[in-house]
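In this chain, numbering begins with 1 at the start of the sequence shown.
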Amino acid sequence: MYCLKCGRDTVSNKIFCEECLRDMDRYPVKPGTAVQLPQRTPKSAPKKPVKRMPTPEEQIVGLKRARFWLTVIVVLLSITLCLSLLYPRPEKTAPAATTTETTTEATTETTTEATTEATTEATTEAAATAPPKTTAGNTTE
């Protein structure tokens with residue numbers, strides 16, 4: 001059977017569904033008042049239940065949920081903006097292979113210069129400590 005008020009399927013052949021009964025309990029009818037019930041016909045029963053409007057309490061709960069999620073989104077966006085301003089992205093640098101090649105070249109140049117200097121110093125020291133050369137009776141320093 002279907003509810004005479006909203007058209008939902010009812011259990012155990014009741015005239016009204018549980019939700020409609022609760023709504024009617026909020027606004028009771030005085031005894032002796034004439035109430036005309038709609039006739040039940042198979043054609044009048046809708047195939048889909050009628051969507052009911054949310055109560056004001058349900059609307060408030062829905063608005064509170066929407067406000068909560070909107071606040072969460074705004075806070076997250078604010079944090080992201082602050083972090084991006086405090087810690088800007090570094091400038092793009094050359095790829096890692098180029099950096100390694102440059103470092104290798106600089107190391108090679110430094111090593112070559114150090115070797116050349118050491119050789120020059122060793123030659124200078126050797127010349128300073130070597131005995132003077134003698135040629136046909138002349139001594140040179």
Side-chain angles (χ1 to χ4, degrees), residues 1-136 138-141:
M1 302 272 286
Y2 296 99
C3 175
L4 289 177
K5 186 174 179 185
C6 70
R8 289 189 184 116
D9 195 19
T10 60
V11 284
S12 67
N13 295 330
K14 291 187 176 181
I15 296 174
F16 299 104
C17 67
E18 295 297 321
E19 192 167 327
C20 290
L21 284 173
R22 272 186 261 135
D23 286 343
M24 289 187 282
D25 285 341
R26 288 185 200 156
Y27 307 103
V29 178
K30 294 180 183 177
T33 305
V35 178
Q36 182 178 3
L37 297 175
Q39 291 190 355
R40 204 176 269 191
T41 60
K43 292 180 184 178
S44 67
K47 300 207 183 229
K48 292 182 179 178
V50 178
K51 186 176 180 181
R52 66 178 185 83
M53 294 296 294
T55 63
E57 293 85 17
E58 291 170 338
Q59 288 177 347
I60 290 172
V61 169
L63 289 174
K64 284 183 179 180
R65 272 192 206 130
R67 185 176 66 185
F68 169 77
W69 286 111
L70 183 62
T71 303
V72 167
I73 290 170
V74 167
V75 167
L76 289 175
L77 287 175
S78 299
I79 290 171
T80 304
L81 178 65
C82 290
L83 289 176
S84 67
L85 291 175
L86 290 174
Y87 303 106
R89 286 180 149 179
E91 302 261 338
K92 288 190 175 182
T93 58
T98 306
T99 305
T100 305
E101 290 172 4
T102 306
T103 305
T104 305
E105 289 174 8
T107 305
T108 304
E109 288 176 10
T110 306
T111 305
T112 305
E113 290 173 7
T115 306
T116 305
E117 288 176 13
T119 306
T120 306
E121 287 177 10
T123 306
T124 307
E125 287 177 16
T129 58
K133 291 182 182 180
T134 58
T135 56
N138 291 339
T139 58
T140 57
E141 293 182 25

Per-pair distances, 0.1 Å, donor-acceptor, side chain in residues 59-78, under 3.5 Å, sequence neighbours excluded:
unit_1 : atom_1 : unit_2 : atom_2 : d
T71    : OG1    : R67    : O      : 2.8
S78    : OG     : V74    : O      : 2.9

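For the pair L81/S84, a side-chain contact is recorded, criterion being any heavy-atom separation below 4.5 Å from C-beta on.
Residues that satisfy the salt bridge (charged side-chain N to carboxylate O under 4.0 Å, His left out) test with E19, not counting sequence neighbours, are R8, R52.
Sorted by first and then second residue, the salt bridge (Lys or Arg N to Asp or Glu O under 4.0 Å) pairs with a member in residues 23-35 read D23-R26; sequence neighbours excluded.
The two residues C3 and C17 have their closest heavy-atom pair at SG-N, 3.4 Å.
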